[in-house]
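First comes the structure, then the notes that go with it.
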Amino acid sequence: MNKDFIDSLPVELLRDIFLRTLLSGPEANDDTSKTPVMSLRNKTTPFLLSQVNRHWRTVVHDTSILWQSIALVHPNKNHIPRTSLWMEHLRNRPLDVLILQSDNPTEEEHEATAELLELLSSRIQNWYNIEFHFRGKIPEKLADHLRHLQRHRRPILRDANMSFKSLLDDRDANLSWEFYSIYTVWQSLQSIPTIRKIHWKAPFTPEARFSTQLLCLELLSPSVLTISPTTSFAAATSFISH
């Protein structure tokens, strides 16, 4: 098809073509070590189309629906610039977020994860579905971000898939911090008024009381603890270690 003909199409039609092209999943996948992608199934990005010419770049950047899902696979510093742009182009669209750490993340990956989570949280009011798979160290500000969302005037988060690989086999791990982080993440999630589904995979589930607004709860946790914020961290971590 003639390129000039494509460029002469109405913007609305060009946007529809772009959307169908990206959602159909191009055969060529982007390198997930260098860029965020749309999802694990659709490893491409809107940036691909924006590199054709100035007109296409303008249309792609102005079409927020193209930016409504982002997946960060094995987070690293290379992901930061494009993630920042992704959040700019999203505007007010609901956002699906996936973060998948490697099985044995380095300190550099943990640092990149924290920076990327900070960028994603700049649009926390747009979070609609989140899927976080953390291995080892839990990002320090994760619970703070969820508490902020809990207090937000109009949150829209509906579905949370949370997976935490335990630090219990690591002699140098700060188990008290892990316990506290998991507890506060659990409490914050359940306090978000719009949440309807939680998939939870962790060393333990903090308590057997669940929010009444939940329509679906999937627990893949070996232990359910009846605890409170005043529970001894040492006692709790001792319990889940056995």
Side-chain angles (χ1 to χ4, degrees), residues 38-41 64-65 67-72 83 86-87 90-101 113-114 116-135 137-166 176-231 233 236-237 239-240:
M38 298 184 74
S39 69
L40 287 180
R41 289 186 176 183
S64 59
I65 193 172
W67 308 90
Q68 65 182 358
S69 65
I70 184 171
L72 295 153
T83 299
W86 208 297
M87 295 302 99
L90 175 69
R91 294 187 174 84
N92 293 319
R93 298 289 306 185
L95 177 65
D96 295 344
V97 181
L98 179 140
I99 299 178
L100 176 62
Q101 286 190 324
T113 300
L116 289 163
L117 188 60
E118 196 73 23
L119 284 173
L120 294 168
S121 295
S122 69
R123 294 288 185 175
I124 199 167
Q125 71 276 12
N126 300 81
W127 288 7
Y128 190 71
N129 297 304
I130 57 174
E131 185 173 348
F132 295 154
H133 301 273
F134 297 123
R135 308 295 183 239
K137 184 188 299 183
I138 300 171
E140 290 186 8
K141 291 190 176 181
L142 175 60
D144 290 340
H145 292 316
L146 291 174
R147 280 196 293 264
H148 175 71
L149 182 57
Q150 169 194 339
R151 296 190 297 268
H152 198 276
R153 190 162 51 118
R154 293 181 179 177
I156 62 172
L157 182 64
R158 301 277 294 183
D159 190 336
N161 184 333
M162 312 295 288
S163 172
F164 304 101
K165 181 180 178 182
S166 178
S176 294
W177 171 252
E178 180 184 13
F179 170 82
Y180 174 76
S181 297
I182 291 176
Y183 176 84
T184 51
V185 167
W186 173 260
Q187 289 290 87
S188 299
L189 274 179
Q190 293 214 81
S191 299
I192 296 170
T194 55
I195 197 79
R196 294 296 179 267
K197 179 180 179 180
I198 296 177
H199 177 98
W200 183 263
K201 184 178 182 180
F204 67 96
T205 301
E207 57 188 346
R209 292 178 298 172
F210 309 114
S211 174
T212 56
Q213 79 249 13
L214 287 175
L215 300 178
C216 180
L217 177 65
E218 299 175 354
L219 294 180
L220 296 175
S221 175
S223 307
V224 176
L225 305 184
T226 302
I227 57 177
S228 70
T230 58
T231 300
F233 290 157
T237 53
F239 176 83
I240 62 177

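FYI, the numbering just counts along the sequence from 1. As the structure is a prediction and not an experimental result, all values here were calculated from the model.
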> Could you go step by step and tell me if Ile70 and Arg123 meet the side-chain contact (heavy atoms from CB on, under 4.5 Å) rule?
Replying inline: CA-CA 12 Å; Ile70 184 171; Arg123 294 288 185 175; over 6 Å; no

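- Taking the side chain as every heavy atom from C-beta outward, Thr184 and Arg147 approach each other to under 4.5 Å.
- Applying the side chain to side chain contact (heavy atoms under 4.5 Å, CB included) rule to Glu131 yields the partners Leu98, His133, Asn161; only residues at least two apart in sequence or on another chain are considered.
- Side chain of Thr194 to backbone of Arg158: no donor-acceptor contact under 3.5 angstrom is found.
- Side-chain contact between Met162 and Leu142 is present, with at least one heavy-atom pair separated by less than 4.5 Å.
- The backbone N or O of Leu120 lies less than 3.5 Å from a partner atom in the side chain of Trp127, making a donor-acceptor pair.
- For Leu215, the side chain to side chain contact (heavy atoms under 4.5 Å, CB included) partners are Arg196, not counting sequence neighbours.
- A distance of 5.0 Å separates CH2 of Trp186 from OG1 of Thr205, quoted to the nearest 0.5 Å.
- Here the side chain of Ser69 pairs no donor or acceptor atom with the backbone of Asp96 at under 3.5 angstrom.
- Of the possible donor and acceptor atoms, one in the side chain of Trp86 sits under 3.5 Å from a partner among the backbone N and O of Trp67.
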Could you go through Ser181 and Glu140, starting from their C-alpha distance and side-chain angles, then the distance that decides it, and tell me whether this counts as side-chain contact (heavy atoms from CB on, under 4.5 Å)?
CA-CA 8 Å; Ser181 297; Glu140 290 186 8; over 6 Å; no

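- Note that CG of Asp144 is 10.0 Å distant from CG of Leu117, once rounded to the nearest 0.5 Å.
- Here the side chains of Ile99 and Leu116 are not in contact, with every heavy-atom distance at 4.5 Å or above.
- Interatomic distance, CG of Leu95 versus CE of Met87, reported as 5.0 Å (0.5 Å rounding).
- Residues Asn92 and Gln125 form no side-chain contact, since every pair of their non-hydrogen atoms from C-beta on lies 4.5 Å or further apart.
- Checked against salt bridge (charged side-chain N to carboxylate O under 4.0 Å, His left out), Arg93 has no partners two or more places apart in sequence or in another chain.
- Partners of Tyr128 by ring-ring contact (aromatic ring centres under 6.0 Å, His included), not counting sequence neighbours: none found.
- Of the residues listed (Leu146, Ile195, Ile198, Val185), the one engaging Gln190 in a side chain to side chain contact (heavy atoms under 4.5 Å, CB included) is Ile198, and it is the only one.
- Proximity of Gln68 to Ile65: side-chain heavy atoms (C-beta onward) are separated by under 4.5 Å at one or more points.
- Between the NZ atom in Lys141 and the NE2 atom in His148 there is a gap of 12.0 Å [rounded to 0.5 Å].
- Inter-residue side-chain proximity for Leu220 and His199 is flagged as met; some heavy-atom pair is nearer than 4.5 Å.
- By the side chain to side chain donor-acceptor pair (under 3.5 Å) test, Ser121 is found to be paired with His145, residues two or more places apart in sequence or in another chain being considered.
- Looking at every heavy atom in both residues, Asn126 comes nearest to Arg91 through ND2-O, 3.3 Å.
- Annotation: side chain to side chain contact (heavy atoms under 4.5 Å, CB included) contacts of Ser39 (sequence neighbours excluded): Arg41, Asn42.
- The aromatic rings of Phe132 and Phe134 are tilted relative to each other, their planes meeting at an angle between 30° and 60°.
- A distance of 5.0 Å separates CD1 in Ile138 from CZ in Phe164, rounded to the nearest 0.5 Å.
- Between Lys197 and Glu218 the shortest side-chain heavy-atom distance falls below 4.5 Å.
- Taking the side chain as every heavy atom from C-beta outward, Ile192 and Gln150 approach each other to under 4.5 Å.
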